[in-house]
Amino acid sequence: QVQLVQSGAEVRRPGASVKVSCKASGYTFTEYFLHWVRQAPGQGLEWVGWINPHNGGTNYAQKFQGRVAMTRDTPITIVYMEMTSLRSDDTAIYFCVRSRDRWLIEGPLDTWGQGTLLIVSS
Amino acid sequence: SFELTQPLSVSVALGQTARIACGANNIGYRNVNWYQQNPGQAPVLVIYRDNNRPSEIPERFSGSTSANTATLIINGAQAGDEADYFCQVWDSSTVVFGGGTRLTVL
């Protein structure tokens with residue numbers, strides 16, 4: 001079955017960086033876009049961006065441009081999200097999510113990872 | 001930027017029909033997706049492209065759209081449907097979520 005398994009919780013100081021991973025399995029890795037969505041404590045969902053595992057192409061929400069980078073390691077079917085210059089308001093659960101439809105960017109978000117808690121605190 | 005407006009909370013009596021609205025200018029021209037999120041869990045896609053239901057989602061979940069409002073409809077609401085619900089669209093190659101609605105089943 002389709003599965004996304006994320007790395008464990010992280011704690012960082014303000015100004016530091018973090019790299020979160022998402023291991024995909026159960027489908028052809030290069031055929032589906034992967035997104036990152038975050039959720040601050042008690043808040044709603046916020047889209048961070050997507051990566052095309054086929055060619056490494058990315059698109060980030062304007063709010064995060066210059067501070068986030070999504071990459072992939074195709075042989076081991078893992079995508080990464082690195083965020084720099086962390087602030088306290090980056091404290092959130094970060095979800096890795098797969099697009100429902102093959103090759104389609106603008107479609108529903110189907111399978112969700114379990115989430116990775118990032119705490120940014122001095 | 002494009003915004004989706006949802007009520008903070010909706011209440012429904014057990015077994016009755018719940019309707020959760022998602023408002024935006026001309027939302028009827030867009031594909032709307034809906035997600036259910038239970039406390040401490042990842043969201044789950046319950047409706048996609050306005051009124052399509054993934055195979056694992058019960059038939060009591062459906063969706064509809066009009067010019068400026070998309071609606072998630074839950075017929076015969078059950079206690080297990082009590083959760084947060086988020087609408088979502090695409091705008092200029094970016095994903096936009098509504099603020100979310102807490103559904104309470106009385």
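Note: hydrogens, waters and symmetry copies are ignored here, and every other heavy atom, side chains too, is used. First the proteins, then the strands, lettered A, B, ... as listed; each starts at 1.
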Inset, instruction - Count the heavy atoms belonging to other residues, nucleotides or ligands that lie under 6.0 Å from CD of A:Gln62, then report whether that count exceeds 12. - result: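 Atom CD in A:Gln62 is not crowded, with 12 or fewer foreign heavy atoms closer than 6.0 Å.
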Inset, instruction - Could you check which of B:Ser93, B:Gly98, B:Ser1 has the highest count of heavy-atom pairs closer than 4.5 Å to chain A? - result: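 The option with the most such pairs is B:Ser93.
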Inset, instruction - Could you check which of B:Gly100, B:Pro43, B:Pro54 has the highest count of heavy-atom pairs closer than 4.5 Å to chain A? - result: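 Option with the greatest count: B:Pro43.
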Inset, instruction - Flag the pair A:Asp73 and A:Lys23 as a salt bridge only when some basic side-chain nitrogen lies within less than 4.0 angstrom of an acidic carboxylate oxygen. - result: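 Judged by the 4.0 Å cut-off on N to carboxylate O distance, A:Asp73 and A:Lys23 do not form a salt bridge.
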Legend entry - Residues A:Asp90, A:Arg38: salt bridge by 4.0 Å N-O rule: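 Result for this pair is yes, salt bridge flagged.
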With a 4.5 Å cut-off on heavy-atom pairs, point out which of [options] contacts chain B the most.
| options | value |
| --- | --- |
| A:Gly115, A:Gly107, A:Ala61, A:Gly113 | A:Gly107 |
| A:Leu45, A:Val97, A:Asp110 | A:Leu45 |
| A:Val37, A:Ile105, A:Thr111 | A:Ile105 |

Inset, instruction - Going by the side-chain contact (heavy atoms from CB on, under 4.5 Å) test, name the single residue among B:Asn75, B:Val12, B:Ile74 that passes it with B:Thr17. - result: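 Answer to the side-chain contact (heavy atoms from CB on, under 4.5 Å) test with B:Thr17 among B:Asn75, B:Val12, B:Ile74: B:Asn75.
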Legend entry - Side-chain (A:Ser7) to main-chain (A:Ser21) donor-acceptor, under 3.5 angstrom: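 At least one qualifying donor-acceptor pair exists.
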